[in-house]
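Working notes for the structure below.
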Amino acid sequence: MMSGEKVICRRVSDGVLINIPHTFDLKQIADSGQCFRLTALQDGGYVAVTDMKLVKITPGTNGGYVFHCPYDEFRDVWMPYFDLSADYEAYQQKMAGDLFLREAIAAGGGIRVLRQNLWEMVVTFIISQRNNIPRIRKAVDILCQTFGTPLGEIDGQQFYSFPTPAQLRGQDLSPASLGYRESYVKEMAEYDEDFWVQLQKQDDDTARKTLIALRGIGEKVANCVMLFGLHRMDSYPRDVWINRMIDDIYHGNFDPSQYAGFAGYVQQLQFFYYRKTAKEESV
DNA sequence: CACCAGGTAGGAT
DNA sequence: ATCCTACATGGT
């Protein structure tokens, strides 16, 4: 490995310490818009949830984070979830020729493309259409609290799994205020488990077509599901921000295929940084 | 009271 | 194929 990221990963008394200095930052990930269920605690810590697993993560005393869980769980669940085995520094080096991406790395280089649950991503990004990020987070939260399974309490707060299709099937989803998206979600819940299993096995083009054929999923949501739910790293979702950014920064001319194998990571960096600068200007 | 928010379906051209 | 518009809801 040419770049050789300096990764510290070892057992400590209360869990597992992980430190990847330039390419793993939970605050940046939580603000990156790919994940709506990473919860910030008072002290700079976070709670992460995936499937039926729940973990408390606190800042390490010399940087990095401590995952408060057994080592086996860290290795089998959280390493893959946060994509910690991939060499993001190598990706970053391949972006060095692009000024905007160098700035984006300086601002958000700690972002990683998470491997989230496929079904959860389908529902979450259906909800995301023509919606804003705080409201997406709230709707997902209500779905979990109302229809999910309690997983445990951390710092006095109860956390829940994302509801399975069976848990949503036939339910009145109105507490989540999904608006016109509610019928889309209800229809999604009617597909059986095997449908989603088959989707994971399909190649990129087939999977994208399968997704777009579903009511409520167009090209953009399909690409988000591909990237965040199927970890298809060549997927490059184009939303309003990415389109504005391409117009603004690249004069309407940007080809993600030049970053084959990590175009989705490039998209995340661009999305994060362009939105961040827009927010700062609007203040 | 307008306008906006990680778009999409369904219909018209 | 490509363009047009309605769409639920809650926040400025």
Side-chain angles (χ1 to χ4, degrees), chain A residues 28-38 100 104 107-108 111-114 116-143 145-146 162 168 171-191 207-250 252 254 256 263-283:
Chain A
Q28 291 171 9
I29 292 171
D31 294 341
S32 69
Q34 63 177 304
C35 172
F36 301 91
R37 262 150 61 71
L38 203 50
F100 184 72
I111 293 172
R112 285 173 174 257
V113 179
L114 308 188
Q116 301 182 72
N117 177 275
L118 172 60
W119 161 249
E120 180 176 339
M121 292 301 96
V122 168
V123 175
T124 298
F125 281 93
I126 281 176
I127 293 171
S128 79
Q129 65 180 257
R130 220 181 135 83
N131 212 338
N132 57 55
I133 290 178
R135 266 193 89 220
I136 300 164
R137 190 171 271 118
K138 184 180 255 179
V140 169
D141 208 45
I142 290 171
L143 287 179
Q145 287 186 37
T146 312
F162 190 86
L168 291 184
Q171 297 287 341
D172 170 20
L173 305 185
S174 58
S177 296
L178 303 183
Y180 69 91
R181 311 167 193 87
E182 181 173 333
S183 68
Y184 298 158
V185 173
K186 288 184 81 71
E187 276 182 42
M188 288 302 154
E190 297 300 322
Y191 291 88
R208 188 175 289 104
K209 282 175 186 152
T210 302
L211 284 164
I212 289 175
L214 303 175
R215 222 171 68 88
I217 298 187
E219 196 177 346
K220 188 270 173 180
V221 170
N223 278 314
C224 285
V225 172
M226 298 270 294
L227 182 58
F228 306 131
L230 294 168
H231 205 72
R232 306 300 171 91
M233 287 288 270
D234 283 315
S235 183
Y236 185 88
R238 296 168 188 265
D239 71 318
V240 287
W241 288 103
I242 289 293
N243 287 332
R244 280 176 204 156
M245 185 250 355
I246 290 177
D247 282 349
D248 186 7
I249 306 294
Y250 297 95
F254 178 82
Y265 176 47
V266 172
Q267 189 271 7
Q268 280 301 104
L269 288 169
Q270 291 171 324
F271 178 80
F272 179 85
Y273 181 54
Y274 192 72
R275 249 178 114 249
K276 182 181 155 83
T277 56
K279 269 191 260 178
E280 285 164 0
E281 278 167 23
S282 70
V283 171

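Side-chain atoms are counted along with the backbone in the values below, which use heavy atoms only and exclude waters and symmetry mates. In what follows, chains are A, B, ... by sequence order, proteins preceding strands, each numbered from 1. What you are looking at is a predicted structure, and each value in this text was computed from that prediction instead of being measured.
Between Y273(A) and F100(A), the angle of the ring planes lies from 30° to 60°, which puts this pair in the tilted group. Aromatic ring orientation, Y184(A) versus Y180(A): perpendicular (interplanar angle above 60°, classes split at 30° and 60°).
Heavy atoms of L178(A) sit nowhere under 4.0 angstrom from any nucleic acid atom. Base contact: F271(A) has a heavy atom under 4.0 Å from a base atom. S32(A) comes within 4.0 angstrom of a nucleotide base, judged by non-hydrogen atoms across all strands. Looking at heavy-atom distances under 4.0 Å, Q34(A) makes contact with a base. If you check every strand for non-hydrogen atoms under 4.0 Å, R137(A) touches nothing. At the heavy-atom level, G216(A) lies under 4.0 Å from the strands shown only through sugar-phosphate atoms. Residue contacts shown for I217(A) are limited to sugar-phosphate atoms, with no base heavy atom under 4.0 Å away.
Of the possible donor and acceptor atoms, one in the side chain of R181(A) sits under 3.5 Å from a partner among the backbone N and O of Q129(A).
Regarding contacts with the backbone of dT5(C), every side-chain N or O of R130(A) stays at 4.0 angstrom or more from both OP1 and OP2. For the pair S177(A) and dG10(C), the criterion of a side-chain N or O lying under 4.0 Å from OP1 or OP2 is met. A sub-4.0 Å separation between OP1 or OP2 of dA8(C) and a side-chain N or O of R135(A) is absent.
Here dC3(C) presents its P atom at 14 Å from CD of E219(A), a figure rounded to the nearest Å. In this entry the distance linking CG of N131(A) with C1' of dT8(B) reads 13 Å, nearest Å. To the nearest angstrom, C1' of dT8(B) lies 13 Å from CG of L214(A).
Between K186(A) and E182(A), none of the side-chain N atoms (NZ, or NE/NH1/NH2) sits under 4.0 Å from a carboxylate O, so this pair counts as no salt bridge. Under 4.0 Å is where a charged nitrogen must lie from a carboxylate oxygen, and between E219(A) and R208(A) no such pair does.
Among the nucleotides dG6(B), dT8(B), dA5(B), the one closest to any side-chain atom of Q129(A) is dT8(B).
Both N132(A) and G218(A) sit near DNA chain B, but only N132(A) has its closest nucleotide nearer the 5' end.
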